[in-house]
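The structure appears right after this line, and notes come after that.
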Amino acid sequence: MGFTDDGRPVQSAGMLRKALQYQRPVRRRDRAARGGPTLSRGGAIHEGAVSAALGIGGIPTISESTMVARDAELAGYEDARVHFQHLSCAASVQAVAAAKARGWRVSAEVSPHHLLLTEEDTRRMDTRMKMNPPLATDADRRALLDGLRAGTIDCVATDHAPHARDEKEVPFEQAPMGTTGLETAFAALYPASCCRASSSSRCSCSG
């Protein structure tokens with residue numbers, strides 16, 4: 001069991017530190033998620049070549065990775081447990097790996113979307129590809145796969161955030177973030193898709 005304000009990260013480091021201190025008596029963990037809104041505000045997709053080509057406001061990966069690094073530092077300082085939800089970029093994987101190497105009590109998850117899709121899938125302006133955190137580069141996707149294989153990322157979680165069709169059938173910038181994950185996760189990841197998503201030239205699955 002854990003505590004989260006999913007979708008709204010704790011902006012105040014002091015407030016998060018207090019939460020981690022209060023965590024001790026109840027023996028629960030805090031769950032950190034999403035990026036800092038001061039860096040991501042106004043963005044709809046990953047900040048990069050695709051956002052520039054489409055003329056859509058972008059969300060930089062540092063909005064996520066800097067929060068992951070900060071929260072990991074606080075967890076280490078307070079000897080508290082923190083679980084990072086839906087990592088989406090290589091820098092976040094590196095921050096979690098560094099924290100685990102120092103013996104800090106952190107864990108992390110990744111969604112099926114970020115293991116299989118990239119910012120290139122947003123070029124069609126399909127609002128189902130609009131999610132938070134946004135789909136990043138193929139290099140980020142490969143880093144997530146490698147992090148999952150290495151145990152840096154502890155599990156896959158669906159980040160199920162469905163919306164009604166009429167909510168999504170609007171201009172891309174106006175559409176809410178989120179996509180279906182629960183019903184599609186297993187079929188998307190096992191077994192055939194692992195071949196397509198493998199970061200190596202050959203897949204080790206038996207399918």
Side-chain angles (χ1 to χ4, degrees), residues 4-11 31-68 71 83-93 95-96 108-145 147-148 153 155-189 193 196-197 199:
T4 180
D5 195 4
D6 188 29
R8 292 179 291 180
V10 180
Q11 291 302 295
R31 299 181 182 181
R34 312 302 189 199
T38 58
L39 286 171
S40 61
R41 185 175 293 118
I45 59 175
H46 173 252
E47 182 180 273
V50 176
S51 66
L54 296 177
I56 295 177
I59 299 173
T61 53
I62 59 168
S63 70
E64 173 185 301
S65 61
T66 53
M67 295 291 283
V68 170
D71 294 355
H83 178 73
F84 294 102
Q85 296 175 282
H86 27 66
L87 299 188
S88 71
C89 64
S92 293
V93 177
V96 172
E109 67 187 50
V110 63
S111 82
H113 331 314
H114 296 91
L115 292 174
L116 298 171
L117 304 169
T118 73
E119 63 179 352
E120 292 296 326
D121 292 290
T122 64
R123 284 189 183 274
R124 295 175 288 118
M125 304 290 280
D126 183 340
T127 56
R128 293 174 298 178
M129 300 295 107
K130 184 180 180 182
M131 59 193 73
N132 186 19
L135 299 170
T137 66
D138 190 58
D140 289 305
R141 183 188 68 82
R142 290 172 181 268
L144 293 167
L145 280 165
L148 184 62
I153 300 173
C155 62
V156 177
T158 64
D159 191 25
H160 187 62
H163 292 278
R165 180 175 296 180
D166 63 295
E167 293 180 287
K168 282 289 195 176
E169 290 181 345
V170 295
F172 194 90
E173 294 91 335
Q174 298 175 22
M177 289 185 170
T179 193
T180 299
L182 183 61
E183 298 94 334
T184 58
F186 184 82
L189 290 176
S193 292
R196 176 164 54 90
S199 62

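Positions are given from 1, in the same order as the sequence printed here.
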Any idea which heavy atoms bring I45 and S51 closest together, and the distance?
-> CD1-CA, 3.6 Å
Reference residue S88; test side-chain hydrogen bond (donor to acceptor under 3.5 Å, both in side chains); the match among R141, H46, E64 | E64
Value for OG1 (T66) from CG (D71), rounded to nearest 0.5 Å, stands at 9.5 Å
Locate the shortest heavy-atom distance separating V68 from S92; write the atom from each residue and the value.
-> CG2-OG, 3.9 Å
Nearest heavy atoms of H114 and P134, plus distance in Å = NE2-O, 3.6 Å
Do you know which of M131, K130, M129 makes side chain to side chain contact (heavy atoms under 4.5 Å, CB included) with T122?
-> M129
Point-to-point distance, once rounded to the nearest 0.5 Å, from CG of N132 to OG1 of T179 = 13.0 Å
Does K168 reach the main-chain N or O of R128 with its side chain, forming a donor-acceptor pair under 3.5 Å?
-> no
Kindly compute the distance separating CG (D121) from CG (D126), expressed to the nearest 0.5 Å.
-> 9.0 Å
Identify the heavy atoms of T180 and E183 that sit nearest to each other, and give their distance.
-> CG2-OE1, 2.9 Å
Report the C-alpha distance between M125 and L54 in whole Å, list the side-chain angles of each, state the deciding distance to 0.1 Å, and finish with yes or no for side chain to side chain contact (heavy atoms under 4.5 Å, CB included).
-> CA-CA 9 Å; M125 304 290 280; L54 296 177; 3.8 Å; yes
First locate atom CD1 of I62, then atom CD of E47, and finally report the distance between them rounded to the nearest 0.5 Å.
-> 7.5 Å
Are V96 and I153 close enough, and set up right, to give a side chain to side chain contact (heavy atoms under 4.5 Å, CB included), and what steps lead you there?
-> CA-CA 8 Å; V96 172; I153 300 173; over 6 Å; no
How long is the gap from CD on E109 to CG on L144, to the nearest 0.5 Å?
-> 12.0 Å
Heavy atoms, side chains only, cut-off 4.5 Å: are T127 and E169 in contact?
-> no
Please check if the side chain of H113 supplies one atom and the backbone of A185 the other of a donor-acceptor pair under 3.5 Å.
-> no
Just by distance, do the side chain of Q174 and the backbone of P171 share a donor-acceptor pair under 3.5 Å?
-> no
Between A44 and I56, the two heavy atoms sitting closest are CB-CG2, 3.6 Å
What closest approach, in Å, do V110 and L87 show between heavy atoms, and which atom pair accounts for it?
-> CG2-O, 3.6 Å
T118 OG1 to L115 CG distance, which is reported to the nearest 0.5 Å = 12.5 Å
